[in-house]
Amino acid sequence: MVKKYRVGILKGDGIGPEIVQAAVDVLNALEFEAEYIELHAGYEYFRKSGKAIQDGFFDAVKGLDAILKGPLYTPPHEKEFRSINVLLRKELDLYANVRPFRSYKGFSLKEFNFVIVRENTEDLYTGFEFLYRGVALALKVISYDGVRRVSEFAFSYARSNGFNRVTVVHKANILRISDGLFREVFFDIAKNYPEVQADELIVDTAGYIIVKNPERLGVLVTPNLYGDILADVAAAVVGSLGLCGSAQIGRDIAVFEPVHGVALDIAGKGVANPIGELESAKLMLIHLSNKYSDRKLYEKALVLERAIHKIVEELRILTPDLGGNSKTSDVVNSITKLIQSNNT
Ligand code: ATP
């Protein structure tokens, strides 16, 4: 019997509802058997209900196979409103944030295929900040266990996805103790994966290489903040933030969301690029395929991947962020047609 997956849907803020709906439409076209359970959190939900996250959210998450999520807004001017993204990462212990970056032929400047695996629960994101007599302090937290599990994840990801190199990104020349520990634990773990080459880059050099020689990169593993910044740089090298998706992996659940934020400047206009969310849906299919040994889901992921590349590289159905004038719905309809005609 075909397994019916239980997928939480968190539409989020800004362009979130438009692109999450686009992803559900495409998953339906792929005949992905799922029951969707709507979850509520974020700034829009807060404005309507007075709560940043629905009561019982974490109970509702229990028993789900995955969560497909849009971006959530954290207003910088409202100091009382804490990031729900950070809360979800902490509460669901989503320790590895996986962001694949692959070039599009005739579109990206170079040909490349690399992945940033960002430690997702520690570093400057733990929220320990103080103001004392005109001096602001923020705690950078790096733990042995945090680095161990994200490094193990990065090496086994490299091994099962055909990468022969994992690079740790750090600034241990300045941050001797915190980034020093990240680097040291990474190289300790590397000893367990002798078939994978382990090396290192200082974070500023990593930024330079992502722009100049991305074809040299394989899997990068980074502390939280560097991964956040480098992922946006990498997205620009791919061609747009709107093209990139991510998987946040936890022990019990994984959450799939685009790399970009809420894009308030284009929200509600029907021109958001849905591909970052579709890429995230693809990563969800691959994740569930591996987790439940469901080969069919992997095939669906490949169909989706081919359809995405075809509409960008050959058919050139491009939203404005890619220099075109297509609408979100044009992209979704074209991808859906390709899937349904099995013409990917
Ligand atoms: P946040 O505070 O949530 O990070 P932001 O607006 O600062 O939001 P992004 O949402 O990542 O950052 O957007 C940066 C720029 O990229 C914006 O001009 C936005 O319109 C554009 N952008 C991001 N995602 C998309 C998308 N899916 N389609 C088209 N343009 C996008």
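Order of listing sets the numbers, starting from 1, for every ligand and every atom in it.
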Q | Close residues, ligand 1: non-hydrogen atom nearer than 4.0 Å | A | Ile15, Leu241, Gly242, His260, Gly261, Val262, Ala263, Asp265, Ile266, Ala272, Asn273, Asp321

Q. Between Asp123 (side chain) and Val141 (backbone), is there a donor-acceptor pair under 3.5 Å?
A. no

Q: Please confirm whether Arg118 makes a cation-pi placement over Tyr125, using NZ or CZ under 6.0 Å from the six-membered ring centre and within 45° of the ring normal.
A: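 Ring-cation test returns yes.
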
Q) So Arg47 and Glu44, salt bridge (Lys or Arg N to Asp or Glu O under 4.0 Å) or not? Walk me through it. A) CA-CA 5 Å; Arg47 289 214 311 204; Glu44 218 20 69; 3.4 Å; yes

Residues [X], [Y]: salt bridge by 4.0 Å N-O rule:
X      : Y      : result
Lys327 : Asp330 : no
Asp204 : Lys171 : yes
Arg6   : Glu35  : yes

